[in-house]
Number of protein chains: 2
Amino acid sequence: MDNKVENKVENNSCPFTATIALIGGRWKTIIIFLLLDHTRRFGEIAARMPSISRKVLTEQLKELESDGLISRKQYKEIPPRVEYSLTELGQSLKPILTDMAAWGQEKLLDTV
Amino acid sequence: MDNKVENKVENNSCPFTATIALIGGRWKTIIIFLLLDHTRRFGEIAARMPSISRKVLTEQLKELESDGLISRKQYKEIPPRVEYSLTELGQSLKPILTDMAAWGQEKLLDTV
DNA sequence: GTAACTTGTTACCTTTTGGTAACCATGAAA
DNA sequence: TTTCATGGTTACCAAAAGGTAACAAGTTAC
């Protein structure tokens, strides 16, 4: 229960180091983007990210949750149902993620 | 000589995957940010990033160069002098990096 | 002659990250 | 009573990333 955001950045005064610690890596921006306007189940996220393994997806979701970017709601049903959505902090990344996607699309992917 | 940006994203239609491939990792955003308004020598960059090893800094600079984000100018002097600066593509990241820094500062570092 | 300066490179080792495959729980359907 | 569905977990292994320390090279300062 001591996995608050503050812990991640304890000895850090660099805003990039702090931000990259939360949204860096190959998957986290994609996961957050997928959740921007939707609550989604584990299986839905996995289906939209075919190249991530279930193990790593589980790990990334746990980290995002403990960093306060997403929240996890588990229903006591069988078979299990778990829904992920963004917290306010996660939602506040929207402009940055939107700009990143636009930059990548324009500068790296468009075939002119 | 086939290290153009296109190679990085060959099989990729995801703008995040493409963007993260270029500026992801612990160091690259910081390096680009340091170069935003300045041409800097290797030693200057190293001095401002005490926690990166010289080996890794060299590697990161090479990758940034081959991805077209920075350019390297080597003077034929002894001792060597090498200056790094942003390309136009690198400069185009400025708004995103500025927003990231501001977000990290406000959401993660400010002690209210 | 020798040491220092600057920007690397190289060899070697440790840590981190990520993958695969097998397994679990439990209620419903066949 | 066997199977399926969902959202994981675990053990084990491979690959990637990163660190340290030693070395290079040629001119200048001592």
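Here is how names work: the chains are called A, B, and so on, in the same order as the sequence lines, proteins then strands, and each is numbered from 1. Reckoned from all heavy atoms, side chains included, excluding hydrogens, waters and symmetry mates. Everything numeric here is computed off the predicted structure, so don't read it as measured data.
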Q: Please identify each residue that fulfils ring pair (Phe, Tyr, Trp, His ring centres under 6.0 Å) with B:Phe42, with sequence neighbours left out.
A: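 Partners of B:Phe42 by the ring pair (Phe, Tyr, Trp, His ring centres under 6.0 Å) criterion come out as none, since no residue qualifies.
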
Q: Tell me: NZ of A:Lys76 to C1' of D:dT6, nearest whole Å?
A: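 The answer, rounded to whole Å, is 17 Å.
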
Q: Hey, is CD on A:Glu88 packed in by over 12 heavy atoms from elsewhere, all under 6.0 Å?
A: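 Atom CD in A:Glu88 is not packed in, count stays at 12 or less.
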
Q: Salt bridge between A:Glu83 and A:Arg72, side-chain N to carboxylate O under 4.0 Å?
A: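 No, no charged N to carboxylate O under 4.0 Å.
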
Q: Without decimals, in angstroms, what is the distance between A:Met49 CE and C:dG19 P?
A: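 Atom CE in A:Met49 sits about 10 Å away from atom P in C:dG19.
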
Q: Can you tell me how far apart CG (B:Leu93) and CE (A:Met100) are? Round to the nearest 0.5 Å.
A: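 One finds 9.0 Å between CG of B:Leu93 and CE of A:Met100.
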
Q: For residues 34-49 of chain A, which residue pairs qualify under salt bridge (charged side-chain N to carboxylate O under 4.0 Å, His left out), counting only residues two or more places apart or in two chains?
A: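 Sorted pair list: A:Asp37-A:Lys94.
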
Q: Going by heavy atoms closer than 4.0 Å, what residues in residues 34-41 of chain A are next to DNA chain D?
A: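 Contacting residues: A:Arg41.
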
Q: Using a 4.0 Å heavy-atom cut-off to protein, can you give one letter per nucleotide of nucleotides 8-30 of chain D, 5' to 3': B if the base is in contact, S if only the sugar-phosphate is, - if neither?
A: BS--------BBB-----BS---

Q: Only one of B:Trp103, B:Phe33, B:Trp27 passes ring-ring contact (aromatic ring centres under 6.0 Å, His included) with A:Phe16; say which it is.
A: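 Testing A:Phe16 for a ring-ring contact (aromatic ring centres under 6.0 Å, His included) against B:Trp103, B:Phe33, B:Trp27 leaves exactly one candidate, B:Phe33.
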
Q: Please say which of A:Leu35, A:Leu86, A:Ile23, A:Ile31 ends up in a side chain to side chain contact (heavy atoms under 4.5 Å, CB included) with A:Leu69.
A: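 So, applying the side chain to side chain contact (heavy atoms under 4.5 Å, CB included) to A:Leu69 and each of A:Leu35, A:Leu86, A:Ile23, A:Ile31, only A:Ile23 qualifies.
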
Q: Who passes side chain to side chain contact (heavy atoms under 4.5 Å, CB included) against A:Lys73, sequence neighbours left out?
A: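 Once residues adjacent in sequence are excluded, the partners of A:Lys73 under the side chain to side chain contact (heavy atoms under 4.5 Å, CB included) criterion are A:Tyr75.
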
Q: Side chains of B:Ser71 and B:Ser85: any donor to acceptor distance under 3.5 Å?
A: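 Their side chains do contain a donor-acceptor pair, which is all the 3.5 Å distance test asks for.
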
Q: The helix from C:dG1-D:dC30 to C:dA30-D:dT1: angle between its terminal axes, five pairs each, to 10°?
A: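 Inter-axis angle at the ends, rounded: 20°.
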
Q: Taking a hydrophobic cluster as the set of Ile, Leu, Val, Met, Phe, Trp and Tyr residues connected by side-chain heavy atoms closer than 4.5 Å, whether directly or through intermediates, do B:Ile45 and B:Leu36 fall within one such cluster?
A: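 Result: yes, single cluster for both.
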
Q: Between C:dA25 atom C1' and A:Glu77 atom CD, what is the distance in whole Å?
A: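 Interatomic distance, CD of A:Glu77 to C1' of C:dA25: 15 Å.
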
